[in-house]
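Labels below follow one simple rule: chain letters A, B, ... track the order of the sequence lines, proteins then strands, and each chain is numbered from 1. Note that these values count all heavy atoms, side chains included, but never hydrogens, waters or copies made by symmetry.
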Protein chains: 2
Amino acid sequence: MTQSSQDNCSSEQDSHKTHAKHNHDRCIATALNDAVLLCEQRGARLTQLRQRVLELVWQTHKPVGAYELLPLLAKEGFNSAPPTVYRALDFLLELGLVHRISSINAFIGCNQPKHEHPNGFFICRQCGNASELPALQLRELAKQLEASLGITIEGETHELTGLCASCSSKAQK
Amino acid sequence: MTQSSQDNCSSEQDSHKTHAKHNHDRCIATALNDAVLLCEQRGARLTQLRQRVLELVWQTHKPVGAYELLPLLAKEGFNSAPPTVYRALDFLLELGLVHRISSINAFIGCNQPKHEHPNGFFICRQCGNASELPALQLRELAKQLEASLGITIEGETHELTGLCASCSSKAQK
DNA sequence: TCACCTTAGGTTATAATGTTGCAATTCTAC
DNA sequence: GTAGAATTGCAACATTATAACCTAAGGTGA
Ligand SMILES: [Zn+2]
Ligand SMILES: [Zn+2]
Ligand SMILES: [Zn+2]
Ligand SMILES: [Zn+2]
């Protein structure tokens, strides 16, 4: 039952413009697997609620608002008010399993939770998908800035918008 | 009367850690001057309210929340509810006279409104001051990302936190 | 097993941030 | 001056996030 709605991925795929066509079930499965491992490693408890929130966030590659999750959780029997979902999201954020995109007050699953990396996203204004920016280039920038400005960077978030590759090419037709 | 509270800059200066000591009245005056010129250029009206909001934002180099401005405006006779300040801020944002830092829901004056540039800030967790990141490096990053990812970047915001140069050196003592 | 403690989640209320819609006023252009 | 546009006042409302308090579940060691 908790699996049933994952099949909507096929209809979702039309909008997976930043990642072209892909097997999204695999995205979800990988994310879940990573989460289980990470929680074991850290001695954190991936409860039903937390796992389900993670799955829901991973239903698409579009950032999702906290309040969008509430009715979905309610449908599945979780008696959930805002604190419920925010606590679950905080837990997932803490472990790096999801990221927050503050310019749009939304959350998205992380695809490299095993390795810490700068928080950086590109969000397509056309299809709405968000994809993580390559950590290498962000780290390079940070290093440069630390050197030239004498600052010590502890946290960073980069949020770019525009047209993704797929939407760009379609726009040119 | 609208000038009286600018004198608190001297007490403010202690916390100008990212900019060392400087004559902050000059910061404000320059910002005001830029604003007047820019508005003339664009045929936009820098009304009393808008100008005053800009001045208030410029009182410090710390980002300021919209709701912090409300009581200040009220004290000066502006009968201001949230829409008033948000509209003024929207106007200033539109012209590039202020920036919004979405990770902390706050606004800050722009120091290069004459030239469009990527939205990028470093915010010191110690002193709270925010300073703009060098446009050159941000543009370089954007160019790289566009080339390697095939995306078209239309907007960007970079928000870094950590210790500024001044606070870093003090921490080492 | 049991008492004990810690963590997670339920519940209610409230805070903080941001918008919509419309009326009244002010400004601008003709 | 007058019509039309832009700006502001004002009231209500929408969205996002948190506080406070309590109950339930799970883990630990006697
Ligand atoms: Zn996918
Ligand atoms: Zn990530
Ligand atoms: Zn200054
Ligand atoms: Zn700027």
Side-chain angles (χ1 to χ4, degrees), chain A residues 2 35-36 39-40 42-57 62-95 97-108 157 159, chain B residues 2 35-36 38-57 62-95 97-108 157 159:
Chain A
T2 58
V36 170
C39 285
E40 271 176 19
R42 309 269 181 96
R45 289 166 52 195
L46 188 61
T47 62
Q48 262 206 313
L49 173 67
R50 289 163 173 177
Q51 173 171 335
R52 192 59 190 135
V53 167
L54 182 59
E55 285 169 4
L56 289 173
V57 168
K62 301 187 210 310
V64 57
Y67 276 74
E68 291 178 54
L69 297 174
L70 282 176
L72 304 177
L73 287 173
K75 246 189 285 187
E76 301 177 11
F78 294 99
N79 232 343
S80 41
T84 304
V85 68
Y86 277 105
R87 281 188 290 227
L89 287 169
D90 285 345
F91 172 86
L92 298 170
L93 283 169
E94 193 76 25
L95 281 160
L97 293 166
V98 304
H99 295 289
R100 185 176 132 83
I101 303 182
S102 56
S103 58
I104 54 175
N105 295 323
F107 301 83
I108 189 165
T157 161
E159 302 174 8
Chain B
T2 59
V36 170
L38 203 62
C39 285
E40 271 176 20
Q41 252 182 50
R42 310 268 181 97
R45 289 166 52 196
L46 188 63
T47 63
Q48 261 206 313
L49 174 67
R50 290 164 173 175
Q51 173 172 334
R52 192 57 191 137
V53 167
L54 182 61
E55 285 169 3
L56 289 173
V57 168
K62 302 187 209 309
V64 57
Y67 277 73
E68 291 177 55
L69 297 173
L70 282 176
L72 303 177
L73 288 173
K75 245 188 286 186
E76 301 178 11
F78 294 99
N79 231 341
S80 40
T84 304
V85 68
Y86 277 104
R87 280 188 293 226
L89 287 169
D90 285 346
F91 171 87
L92 298 170
L93 283 169
E94 192 77 24
L95 281 161
L97 292 167
V98 304
H99 296 289
R100 186 175 131 83
I101 302 182
S102 56
S103 58
I104 54 175
N105 296 324
F107 301 83
I108 188 165
T157 162
E159 302 174 8

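Put simply, the side chain of B:Arg100 does not reach to within 4.5 Å of the side chain of B:Ile108, judged on heavy atoms. The closest side-chain heavy-atom distance from B:Glu76 to B:Leu56 is below 4.5 Å. Within the 4.5 Å cutoff, side-chain heavy atoms of B:Arg42 are placed close to those of B:Leu38. Within the 4.5 Å cutoff, side-chain heavy atoms of B:Leu89 are placed close to those of B:Val57. Side-chain contact check for B:Leu49 versus B:Leu73: some heavy-atom pair is nearer than 4.5 Å. A heavy-atom distance below 4.5 Å is not found between the side chains of B:Val85 and B:Phe78.
Rounding to whole angstrom units, CG of residue A:Leu89 and P of C:dA8 are separated by 15 Å. The interatomic distance linking B:Gln48 (CD) with D:dG9 (P) rounds to 11 Å, in whole Å. Atoms CG (B:Asn79) and C1' (D:dA11) sit 13 Å apart, rounded to a whole Å. Rounded to an integer number of Å, the gap from CG of B:Leu46 to C1' of D:dT8 is 15 Å. At whole-Å resolution of the value, CD in B:Gln51 and C1' in D:dT7 are 16 Å apart. The nearest whole Å value for the distance from the CG atom in B:Leu95 to the P atom in D:dT7 is 10 Å. As a whole-Å value, the separation of A:Arg52 CZ from C:dG9 C1' is 18 Å. The CG-P distance, from B:Leu49 to D:dA6, rounds to 18 Å in whole Å.
Of the side-chain N and O atoms in A:Thr84, one or more sit less than 4.0 angstrom from OP1 or OP2 of C:dG10. Neither OP1 nor OP2 of C:dG9 sits under 4.0 Å from any side-chain N or O of A:Ser80.
Using a 4.0 Å heavy-atom distance criterion, A:Ala81 is classed as a base contact.
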- Going 5' to 3' through nucleotides 16-26 of chain C and flagging B where a protein heavy-atom sits under 4.0 Å of the base, S where only the sugar-phosphate is that close, and - otherwise, we get -BBBBB-----

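Between the side chain of B:Glu159 and the main chain of B:Ile101, no donor-acceptor pair closer than 3.5 Å is present.
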